[in-house]
Amino acid sequence: MNPARGKRHLRRGATLLLLAIVSAISLTACLNDLTPQGRWSSPVSDGNYIYVGNLDGVLVRLDAVSHAFDANWIFPYELDGVRKKPVGLGAIYGAPVVRDGTVYAAGYTCTGSNCAGEVLAVSADNGEIAWNSGRATLETKLVGQVEPTDGGLLLVGTGPIDGKREPPGYLIAYSSDPIAGRRTQWRVPLDGEVWGDVAVDEASKTAYVGTGQGTLYAIDISEGDNPERIKWQFEADGAITGNVLFHDGAIYFGDLASNFYRVNPRSQSIDWQFSAEAWVWAEGVPDVEKGTIYVTTLGGHVYAINISSGDVIWSTRIDGEIIGRPLLFDRVRNDFTQRVLAVPSGNEDVHVLNVDDGQVIGTFPTDSAVKSAPVLIDDFVYIHTLDGDLKWYSSSDQVLQGCVALKDGGRCE
Amino acid sequence: MEFLGLIWDQGIMRPMINSLALLYHYLFLNYGLSIIAFTVFVRLLMIPLTIRQTNQMKKLQTLQPRMKAIQDKYRDKKDAESRRAQSSESMALYREAGVNPIGCLGPMVIQMPIWIGFYRAIIRTMPTTPEGMANLSASFYAWNPAGADVPFSRLFLGIDLADTVSQVYLPLNFVLPVLVGASMFITTKMTSTVAMDERQQSQQRIMMWMMPVMIGVFTYQFPAGLGIYILLSNIVGVLIQYFVGGKQPIELFGKLYLGTAETRAQAIAAKEDLAIKQLAESESEEEESTDDDSTSVHRQERTRGNRRRARNSRRRARRRRH
């Protein structure tokens, strides 16, 4: 070959290779933005095991005492000989819920705007699907956790279903009965996607759910056919993406217009509204003893607010966004009990704040971002980090006690 | 690397996200209008660069015969010293004319980060995942009132701007990539200089087709918002280039479009000149080839090709004049 022509081909090849690399990088970045990652799922315990959704969207469990990973109890899976091979849903954001020997969770993934989600009901005994009628798949986003009710319903908020754009969201009620289960009892169309957990007031048989269009819905969950289940609705200033909390007869939630609200369900109006300095995502944490509710923002702000008046008692700020619900617990150290708030940071670590003044008095070192809620189980604080590990710490001195990689039960890096 | 990331985020992404969001806030909460306004704004901002590019192109064009002479002088000298001498003579020529040989790439180089940034900005301002939404919070300046408008409405003319073009309704999902490719072709055509020799011409032809086809194919998988941006950016770019470049006619598939009578006549004359030069060159090469038995078949073919093209070009020019 002519050497000049060879060089020319080489140059042309190099240019094309460069273009391909740039395109691949852009495409990868794009896919990361469009694909749900999950890893916000908090652990939950039934006394014997600790359940959590892992980074692939698989429900896994650990022994609550030995912390041994149970490789025989994973869901969803497919059999590879006699071995269970995990086949994840993609992403699980909500915490699993254990009720009457069944573990409920929801997860999904999307390719472009085509989403595939599934509501899981798995037997705690054998790790198999608990519903006789099979698996409950839905072409939608399932971000919030599944909320069981005393009336035998499983409530879950969704995005638009079956590839349609309208309505943009639903509240769906399944039956939790193993025989009737999976069948939709009813579904209520909403004005936006639901990303947060549903709050339930069993006394008034009402579920409260917020949408991305900023509407808080009060929905009748009583038995029987009721064509008009929406009792009332309340318009917030911004999108409601986090959880709605029902506590002591009032509804608490934040929005992306940087507000935090206390709404009275009887009068269907605001008791008070607090303007934060950034978007409010995480659920508020009420402290009954102190008459306070702790509110956090994606800007890292933490506010202690008088739960009756909405007045700020103190405020502070940590590094990183706060997405997971902070953990309020009594830290016992040398026979001295101190009430503290463990606040997960989107940068790394979970910071321990004195609830009297908001001073940082300790840290659970995680070496990774935390977007799940820390949970206290038997004197250990469990933290699911964004890199996919479950770490547990002594609640008294924040010393790391153990760690397991939730993907396969292996050692943490 | 971290520093570059910081510059990228704070210097390009954040201003872009906030500008788009602010435009959305003031343009009737319509993201499509916000993209259109942003595109026009960016293109207007780049007018000084476009003027500079056009001037550089014109100067490069006038230097072409002298560059060709240098190339001819060193055609058969392949040793390192001759190459160095050729390079320094070329650079001296550029210096003398006040031309930066890669200066005309300036707007393109500046446009690339804007494109990539815009691509990322569209995806980031219309998040479809919880983490995307949470991350968006950190991108807003505290004073930006648009933060409270999130999530932005993504519909424009019935298109979900966050969807990939492939997911847009028929026939727009195919029409948009074709329009993007075609507009890119015209832009490339308008901003390319006329190459003097065969090798440069063939490279230019490849680039002229390769880029638009590639961008058109990529557009099929781009978010619709970005597709609209690229199309609009090309259209505005063509308009600006047309007026800044002195209303030069655009030659497409052998025909001239737009331009004034004067610029059209100039273009025809320039084409004729080039054709004559190429013919003269090929004839002199042919003479050389009869003297030199070692002339390759490749060169003969090239010479025949040049003569054929020159004849065709002369014929077309004659027809246009009649």
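This structure is a prediction, so every number in the text was calculated from the model and none was measured. So you know, we letter chains A, B, ... as the sequences are listed, proteins then strands, and number each from 1.
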Q.
Does A/Glu235, at its CD atom, have more than 12 non-hydrogen atoms belonging to other residues, nucleotides or ligands within less than 6.0 Å?
A. yes
Q. Which residue out of B/Ser137, B/Pro130, B/Ala134 racks up the most heavy-atom pairs below 4.5 Å with chain A?
A. B/Pro130
Q) Can you say whether B/Thr164 sits under 4.5 Å from chain A via the side chain, the backbone, both, or neither, judging by heavy atoms? A) neither
Q | Option in A/Leu256, A/Asp237, A/Val143 with maximal non-hydrogen atom pairs under 4.5 Å from chain B | A | A/Leu256
**Q.** More than 12 heavy atoms from other groups under 6.0 Å of CG on A/Asn347
**A.** yes
(Q) At a 4.5 Å cut-off on heavy atoms, which part of A/Ala239 comes close to chain B: side chain, backbone, both, or neither? (A) both
Q) Once the angle between the rings of A/Trp40 and A/Tyr93 is folded into 0 to 90°, is it parallel (under 30°), tilted (30 to 60°) or perpendicular (over 60°)? A) perpendicular
Q.
Report which part of A/Asn114 has an atom under 4.5 Å of a heavy atom belonging to chain B: side chain, backbone, both, or neither.
A. both
Q. Quick check: does any side chain N or O of B/Thr125 sit under 3.5 Å from a backbone N or O of B/Ile17, one acting as donor and the other as acceptor?
A. no
Q: Answer with side chain, backbone, both or neither: which region of B/Phe222 has an atom nearer than 4.5 Å to a non-hydrogen atom of chain A?
A: neither
(Q) Below 30° counts as parallel, above 60° as perpendicular, anything between as tilted: where do the rings of A/Phe253 and A/Phe234 land? (A) perpendicular
**Q.** A/Thr109 portion near chain B, given a 4.5 angstrom heavy-atom threshold
**A.** neither
Q. Checking heavy atoms, do the side chain of A/Arg39, its backbone, both or neither come under 4.5 Å from chain B?
A. neither
Q.
Going by side-chain hydrogen bond (donor to acceptor under 3.5 Å, both in side chains), name the residues that satisfy it together with A/Gln145, two or more places apart in sequence or in a different chain.
A. A/Glu147
